[in-house]
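Accompanying notes for the structure given below.
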Protein chains: 2
Amino acid sequence: MTETDPSQIKGFNRARERAARALLEDYVEMIADLAAEFGEARITEIAARLGVAHPTATKAVARLKREGLAVSRPYRGVFLTEAGEALAEQVRARHRTVVALLRAVGVPEDLAELDAEGIEHHVSTRTLKAFEAFLASQGGEKG
Amino acid sequence: MTETDPSQIKGFNRARERAARALLEDYVEMIADLAAEFGEARITEIAARLGVAHPTATKAVARLKREGLAVSRPYRGVFLTEAGEALAEQVRARHRTVVALLRAVGVPEDLAELDAEGIEHHVSTRTLKAFEAFLASQGGEKG
DNA sequence: TGCGAAATGTAGCCTTGGCTACAAACTTCG
DNA sequence: CGAAGTTTGTAGCCAAGGCTACATTTCGCA
C-alpha cells in the first residue's frame, strides 16, 4: 500500500490535483522571480509575496524538493534544479502567451495580468499552441 | 469562534478559495444540467457525473444549502434556489463564451470544451465582457 | 566578541474535499 | 404486504494547505 490506490485517483483528480498543480507552479514561478531579482529566494520572501505564513512556504518548498524541482539547505536560500528551472520557464512562457492572447482579444492590460494568473494553470499544451498561432497570425496581419 | 478569523482570510484566499469557488460552480452547473434533463438532481447521479463518491456529493450539497444555493429534503432530489439558478445560468453563459472564444482563436472544439472547464472559473466579469465584444466583432466581420 | 533582532525550522491543530464502511429509508415487485 | 435492492445519510479517517506558537540559527552592529 505504498502507492496511490487507483480507486481514489479519480476523485483525487477533481479539485485536488487542480489546485495542487497551480500551487506548485505558483511557488516555482515565484522562486524563479526572486532568483532573478536577488540571486536567491528566501523562505520569508517567498511567503510574503505569496501572502502565506512562512511555515506554509516551508512546507511547499519541502514538497518542491521532494519532487526534485528545488534544493536548499537549512537556513539558506532556495534554488531551482534544472527541472525546476524548466518548469518555471514553461510556466512563464505560458503566462506571457496567455496575457498576450487576452490582450489580443481586447482585455485591458492590468486585467489581463490578473486573470492570466488563474487561467494559465488550465491551458493545455495544444491550446497554448493554438494561442501562439493565433497571435502570430494577428501580428502578421497588423505588422 | 463561529465566524471566520480575519487573520486567516489572506491565506485562505490563496489556493483555498480558488478551488472552493470552482467546486461550488461545478456542482451548481451539474445540478442545473440534471434538473434540465430529469427534472431533479439525485445525489447519486451528481456524484457519478462528477466522478466522486456519493458522500462527497452529499457534503458539497450541504454546503450549497448552507450558502442558499440549493434546497433538498432527506432522500429526495436536490433543487437550486433562485440564487442557485442565477449562478448556474451565469456559469453556463461564461462556459459558452469561453468555449466560443477558444474556438474563435483556433482551438479545436473538443479541446475547447475540455480546457474551458478549467479556465472558466477564472475569467472575471470584465474579461468575459471583452470576450463577448471580441466575438461580436468577429461575427460581424465574417458574417 | 556578544547580544538582540530577524529568519528558519518544527510541532501541532484546523478546515476541507475525498474515501470507505455501515446504517437507515425508499422503491420495486413477487 | 414484505423482502431485496437501491439510494441517502452518517460516522470516521486521510492528505494537504493554512496558521500560530515556540525553538534555533544567522546576521547585523555596538
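A, B, ... follow the sequence lines: proteins, then strands. Residue 1 opens every chain.
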From D:dG18, D:dT20, D:dT8, pick the nucleotide closest to the side chain of A:Ala53?
-> D:dT20

May I ask you to verify if any side-chain N or O of A:Thr44 is less than 4.0 angstrom from the OP1 or OP2 atom of C:dA6?
-> no

Is a donor on one side and an acceptor on the other found under 3.5 Å between the side chain of A:Arg94 and the backbone of A:Leu128?
-> no

Name the orientation class of the two ring planes belonging to A:His122 and B:His122 (parallel below 30°, tilted from 30 to 60°, perpendicular beyond 60°).
-> parallel

Take atom OH of A:Tyr27 and atom C1' of D:dA16, then tell me their distance rounded to the nearest Å.
-> 12 Å

Ignoring hydrogens and geometry, is there a side-chain-to-backbone donor-acceptor pair from B:Thr81 to B:Gly68 under 3.5 Å?
-> yes

Rounding to a whole Å, what distance do you find between B:Ile46:CD1 and D:dT7:P?
-> 14 Å

Whole angstrom is fine here: how far is it from NZ in A:Lys59 over to P in C:dT8?
-> 18 Å

Under 3.5 Å donor-acceptor, A:Arg42 side chain and A:Tyr75 backbone | yes

Does A:His54 lie flat on the base of C:dT8, that is, centres under 5.5 Å apart and planes under 30° off?
-> yes

Counting only side-chain N and O atoms of B:Thr58, is one of them less than 4.0 Å from OP1 or OP2 of D:dG9?
-> yes

In whole angstrom, give the distance that lies between atom CD1 of A:Ile43 and atom P of C:dA7.
-> 13 Å

Grab the CD-P distance between B:Glu45 and D:dT6 for me, whole Å please.
-> 15 Å

Options D:dT10, D:dG18, D:dG12, nucleotide nearest the side-chain atoms of B:Pro55 = D:dT10

Any luck finding a side-chain donor-acceptor pair between B:Glu113 and B:His95 under 3.5 Å?
-> yes

Considering only heavy atoms, which members of residues 66-77 of chain A lie under 4.0 Å from some atom of DNA chain C?
-> A:Pro74, A:Tyr75

Starting at CZ of A:Phe38 and ending at C1' of C:dA7, how long is that distance when rounded to a whole Å?
-> 15 Å

A:Leu64 atom CG is separated from D:dG17 atom C1', nearest whole Å, by 13 Å

Salt bridge present between B:Arg92 and B:Asp33 (N-O < 4.0 angstrom) | yes

Donor-acceptor pair, A:Arg21 side chain versus A:His121 backbone, under 3.5 Å?
-> yes

Would you say D:dG17 has OP1 or OP2 under 4.0 Å from some side-chain N or O of A:Thr56?
-> no

Measure from CG on B:Leu50 to P on C:dG18 and round the result to the nearest Å.
-> 9 Å

